[in-house]
Amino acid sequence: MIRFAAMAAAAAGLLSGFALAAERPNILFIMSDDHAYQAMSCYGSNRNQTPNLDRLAKEGMRFDRAFVTNSICGPSRAVILTGKYSHLNGFARNGQTFNGRQQTVAKLLQKAGYQTAVIGKWHLGSDPTGFDHWHILIGQGPYYNPPMLMPEGRVNHTGYTTDIITDLTLDWLKEKRDPEKPFFLVYQHKAPHRDWQPAPRHLDKYDDATIPEPETLFDDYSGRTRAAKMQKMTVAEHLTDRDLKLITPGNLKEDQEAAWRAAYEPKNEAFQAADLKGKDLVRWKYQRYVKDYLRCVDAVDENVGRVLDYLDQSGLAKNTVVFYTSDQGWYLGEHGWYDKRWMYEESFRTPLLVRWPSHTQPGSTSDAMVLNLDFAQTFLDIAGAEQPDDMQGRSLKPILAGQTPDDWRDSVYYHYYEFPGAHSVQKHLGVRTDRYKLIHFYELDEWELFDLEKDPHELQSVYDDPAYADVVKEMKAELERLQEKYQDDGTVVQFENPTSKKKRSDK
Ligand code: CA
């Protein structure tokens, strides 16, 4: 009798579980690559308009203090999948291989009854695990005519990559989705990553415009440690002819190449004739670089709009939580730079918009300090699934309902590892609070402290200023507390045989 009751209860539980499954929200996670919040009109951009991304801000929540734990492509993706800092997920710098055998949010959602798919940029070395469907770029992937990978092997595509990734995403939503299950769809662009190759339809956009320069374009780094002077990522010195479109990319089809030559050759001839020097040359490079970057953003914006339109038309919008973020922030000439990596605000922060009809107040904003580390647990919370104890973030669900918990974090821990490496940014770690930021370039053993209220552009470290001696002491104590909390003793976990890549005859 007792056994029967237990079985009946279990059956009822199962049934209500299924009923619940039908109502559980879909999750659409949209991530672009290197998209600066400074290039989104909903974040107040003075450079461009992003009407489709702005729809998400108008209909959902804009996060004004969303940060990443390690500002670089692959590591950010690994943090998002695992809900763990780089030293615990083992993927601390680009070029490593993600251990796809470890726990990921995709696997947990799959177990919880979600249909899972990833389309677009992946960039983790190993094959995706925990996804029912995947169709990914190989490594970084080109802007035009990308070969892509599926479990079955390589597929060649012709066209502009941002459009193709969206076509594949729409095809999955329309044709491959299981309507009996909620979905977790990861839709990831490679744009606007370097080397900023626009779509043919955008090649002459902004030709007649002058894009505003940031205040710190001619930063001389005099207020910071040696690290800021040792980098190789300045607009002035480090953009290549390929970056600047002084040479035509090599992988274009005939019609694509004709469009490029028609767009750039007259501009390049005018540039050569002008024979610019000094600051005038830097200003020209800035315009050329930022315009191409914004053109790439335009294609992302248009394509996100296509997906949002489909969600509306299909009726999926009302039960789909849509995230838009970037794998990190980016310098649009601030500090004289392009690229990312630093714990300074432009690359440490990342855009984050979340639209959740019926849960999130349209047009709301949050200045809670949130992290890409929080996404995994947020997805699980949305799905009503258990959050494993070894994940290190915290669900954003209450914040999305307009109720930031009283004990929400008031400091954020950061650790960047990729040195020696591209752009020569020293390894560093640090802590940011509401007002201060302490950074330790530990291989140089040099420290910086910024008073973000007085110095929002982070131009003058006050680490050695006696007036800040107590702040330095408090921030160092907070840094130690966070290192203990997140179990960062400086070593990155090494997995044995981390690759889950299938042997394929193709490459
Ligand atoms: Ca990136």
Side-chain angles (χ1 to χ4, degrees), residues 29-40 43 50 53 66-82 85-86 89 91-98 118-125 128 136-143 146 161-162 165 186-197 231-233 238-239 243 289-290 292-294 296-297 299-301 303-304 323-335 337-353 371-373 375 414-419 421-425 428:
F29 182 71
I30 311 173
M31 189 159 79
S32 52
D33 194 329
D34 297 353
H35 190 181
Y37 56 84
Q38 309 94 294
M40 290 172 72
Y43 278 101
T50 47
L53 298 174
F67 300 101
V68 296
T69 65
N70 181 0
S71 179
I72 183 82
C73 308
S76 173
R77 288 155 206 275
V79 168
I80 290 168
L81 280 172
T82 59
Y85 270 87
S86 304
N89 68 43
F91 197 105
R93 47 184 297 161
N94 279 341
Q96 292 185 314
T97 301
F98 179 69
V118 57
I119 298 166
K121 185 168 171 182
W122 175 250
H123 208 202
L124 287 167
I136 56 170
L137 291 173
I138 301 167
Q140 181 57 242
Y143 271 100
T161 301
T162 306
I165 290 169
V186 176
Y187 158 49
Q188 300 189 139
H189 288 293
K190 73 158 263 105
H193 192 280
R194 191 184 185 190
D195 56 351
W196 320 293
Q197 296 182 14
Q231 49 66 38
K232 296 188 174 117
M233 50 189 271
H238 302 109
L239 290 171
D243 292 331
Y289 146 57
V290 171
D292 283 330
Y293 179 96
L294 297 177
C296 293
V297 170
V300 171
D301 184 71
N303 277 286
V304 169
F323 290 76
Y324 181 83
T325 191
S326 168
D327 58 349
Q328 17 56 217
W330 182 261
Y331 297 92
L332 287 177
E334 294 88 357
H335 299 294
W337 294 334
Y338 63 95
D339 212 71
K340 53 251 181 182
R341 302 165 196 274
W342 302 95
M343 197 189 168
Y344 305 128
E345 290 293 278
E346 291 85 354
S347 50
F348 181 32
R349 258 183 75 187
T350 198
L352 176 61
L353 308 172
L371 283 164
N372 59 348
L373 186 74
F375 293 161
Y414 182 84
H415 196 156
Y416 171 79
Y417 298 84
E418 197 171 305
F419 186 90
H423 302 295
S424 297
V425 173
H428 58 291

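Whatever order the structure lists them in is the order used to number ligands and atoms, beginning at 1. All values below were derived from every heavy atom in this structure, side-chain atoms included, with hydrogens, water molecules and symmetry-related copies excluded.
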Checklist outcome for this item: Atoms listed for the Ca ion (ligand 1) (protein only, N, O or S, under 3.0 Å, no waters) are Asp33 OD1, Asp34 OD1, Cys73 SG, Asp327 OD1, Asp327 OD2, Gln328 OE1
Checklist outcome for this item: Contacts of Arg77 meeting salt bridge (charged side-chain N to carboxylate O under 4.0 Å, His left out) (sequence neighbours excluded), chain-then-number -> Asp33, Asp327
Checklist entry - Does Arg194 make a cation-pi contact with Tyr338 (under 6.0 Å, within 45 degrees of the axis)? => result no
Next on the checklist: Checking Arg93 now: which residues fulfil salt bridge (charged side-chain N to carboxylate O under 4.0 Å, His left out) with it, not counting sequence neighbours?
Outcome noted: none
Checklist entry - Which of these passes side-chain hydrogen bond (donor to acceptor under 3.5 Å, both in side chains) with Ser347: Tyr331, Trp342, Trp330? => result Tyr331
Item to check | Any donor-acceptor pair under 3.5 Å from Thr161 side chain to Pro142 backbone | outcome: yes
Next on the checklist: Could you work out, with salt bridge (charged side-chain N to carboxylate O under 4.0 Å, His left out) as the rule, every residue matching Glu346, not counting sequence neighbours?
Outcome noted: none
